[in-house]
Protein chains: 2
Amino acid sequence: MKHPKNKKESTKDRIIDAAKMLFADQGYLKTTIADISKQAELSEAALYEYFQGKEDLLLAIPDMWVSELIEDLERQLFGIKGAVNKLRKYLWWYFRRVEESPLDAKIVYFFLKTNANFMQTEVYSNVKVLYAYLLEIFEEGKRTGEMRSHINPSIARNIFIGTMEHIITLWLLRDRKYSLFENLEETFDLLVSAFTTRENDPALPVRTLLAEATQTPSGIKHGNEA
Amino acid sequence: MKHPKNKKESTKDRIIDAAKMLFADQGYLKTTIADISKQAELSEAALYEYFQGKEDLLLAIPDMWVSELIEDLERQLFGIKGAVNKLRKYLWWYFRRVEESPLDAKIVYFFLKTNANFMQTEVYSNVKVLYAYLLEIFEEGKRTGEMRSHINPSIARNIFIGTMEHIITLWLLRDRKYSLFENLEETFDLLVSAFTTRENDPALPVRTLLAEATQTPSGIKHGNEA
DNA sequence: TTAATTTCCGAATAACATTAGGTCTTTTTA
DNA sequence: TAAAAAGACCTAATGTTATTCGGAAATTAA
């Protein structure tokens, strides 16, 4: 059915690109079908051959992006050992994808949830897949002892996702004037220190502290713990 | 100017209440001025005596709510000693306010950021005030030694706010079928364990071991407010 | 080459937000 | 108190936008 004329971008893609740019730039409301079709060099009526309407067009954008993400994620995590390492990879991977596709990200974070029936959409179930990976990671960490045994995976996931989303939202609101990766290392360490057992906490290695403490001149009382 | 006929709700309030309900229920887009004015028992034209337009009306809602929050927050935190206690109060207070005014919260979290010029609005600067309190709390915690000395307050704030917002957003998306306070205790403990020095971590009292081994380092005055 | 199909467009249509212009009521003021 | 001013409200335009209609041009299939 689809015969991609490689010489030029397909019409559908042109529409999507135009819409993506305009939605992200001016917002969904202020962007008119006339704007989009002008940018895509097409009549307004023709646009309706490709999308059922403005809302359908909006939904199509995150739909594609999130699908790509899902496919990529599996490959990215493949072969990585350990829950903390997976968590780290997840974070760096996702931030890179967001930095590479800020328009998609903006549409996802700003215009998707407003849709009222967003919960019933294809995109939402795909987002849940992305989140489910995190749950698995926390469950693995718990199982292997890398993370605290009494941790609640879904709570940990809330904290992790919430933090990610907030950082991204701020970055988008501030017109992405800085790098998303600024302070990321520190943020990750802080998060991990909440989840992991102490031995695995790189930010505050207790073993080392203990060792230091027992060496400090004033501190030696009774080193009854080891 | 204002002569509040106490016998009935003022017209302006009626409009705001109608808009709040309809926006939160159907979304900003699907709600028409006709809907709102019908609900408020008013002609469409009359509505424009009170608000410049649909967008102005939308903005008015969080504007009022956030102003109230700011005024309340100061009183709520007044007299509470210790950064962790303040943090806890902040969280419980805010969640209660959200649970009491879910429609306002929904408008804030779902329809405000989409506004493109949201950054220039009155509401945004007020939201920043709310967030600034958190920064102060983390700085205080750092200063008093209640929290880790190497913590970055703005990173801690990101984690805290991100987590809050994510929990609230989920709750709203799921039609608030459960209590916002479900698992809150556990979530808070997990967060605090990332921020605090070990002695204040009730979940995993590793530091008590250390404290036994050494004396409290550098004369930390831990307010024993737990 | 002809029929079918796809791609596209100009011109309606319809749903809205917003304005204009006016009536009726309440408040002010002289 | 009576006239004037201000306020609250309305019906009926007006203008903007999304969406649909009916058909033309271009492409593909036979």
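Only a predicted model underlies this, so the values are computations on that prediction, with no experimental measurement involved. Reminder, nothing fancy here: chain letters follow the sequence lines and each chain counts from 1.
- In this entry the distance linking CG of Asp56(B) with C1' of dT18(C) reads 13 Å, nearest Å.
- For the pair Thr11(A) and dT7(C), the criterion of a side-chain N or O lying under 4.0 Å from OP1 or OP2 is not met.
- A cation-pi arrangement, defined by a distance under 6.0 Å to the six-membered ring centre and an angle within 45 degrees of its axis, is present between Lys12(B) and Phe51(B).
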Give the C-alpha distance, both sets of side-chain angles, the deciding distance and a yes or no for side-chain hydrogen bond (donor to acceptor under 3.5 Å, both in side chains) between Thr31(A) and Gln26(A). CA-CA 6 Å; Thr31(A) 301; Gln26(A) 323 176 329; 3.3 Å; yes
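- The distance between atom CD1 of Ile15(A) and atom C1' of dC9(C), rounded to the nearest whole Å, is 14 Å.
- Atom NZ in Lys38(A) sits roughly 16 Å away from atom C1' in dG10(C) (whole-Å rounding).
- By the 4.0 Å N-to-carboxylate-O rule, Glu44(A) lies too far from Lys38(A) to be salt-bridged with it.
- One can place CG of Leu47(B) at 12 Å from P of dT19(C), the figure rounded to the nearest angstrom.
- Taking the centre and axis of the six-membered ring of Trp92(A), the NZ or CZ atom of Arg88(A) falls inside the cone set by 45° and 6.0 Å.
- Going from atom CZ of Arg14(A) over to atom C1' of dC8(C) covers 11 Å, rounded to whole Å.
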Nucleotides 11-18 of chain D: protein proximity per nucleotide (B base, S sugar-phosphate only, - neither; heavy atom, under 4.0 Å): B-----SS
All N/O donor-acceptor pairs, side-chain side in residues 102-115 of chain B, below 3.5 Å, sequence neighbours left out:
unit_1, atom_1, unit_2, atom_2, d
Asp104(B), OD1, Lys20(B), NZ, 3.4
Asp104(B), OD2, Lys20(B), NZ, 3.4
Lys106(B), NZ, Ala24(B), O, 3.2
Tyr109(B), OH, Tyr94(B), OH, 2.6
Thr114(B), OG1, Phe111(B), O, 3.2
Asn115(B), ND2, Glu55(B), OE2, 2.7
Asn115(B), ND2, Asn117(B), OD1, 3.4

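- Spacing between atom CD of Glu55(A) and atom C1' of dT19(D) amounts to 14 Å, rounded to whole angstrom units.
- The distance from atom CD of Glu49(B) to atom P of dT25(C) is 17 Å, rounded to the nearest whole Å.
- In this view, Glu49(B) satisfies the salt bridge (charged side-chain N to carboxylate O under 4.0 Å, His left out) rule with no residue, not counting sequence neighbours.
- Contact annotation for Phe51(B): no contact, since no heavy-atom pair falls under 4.0 Å across all strands.
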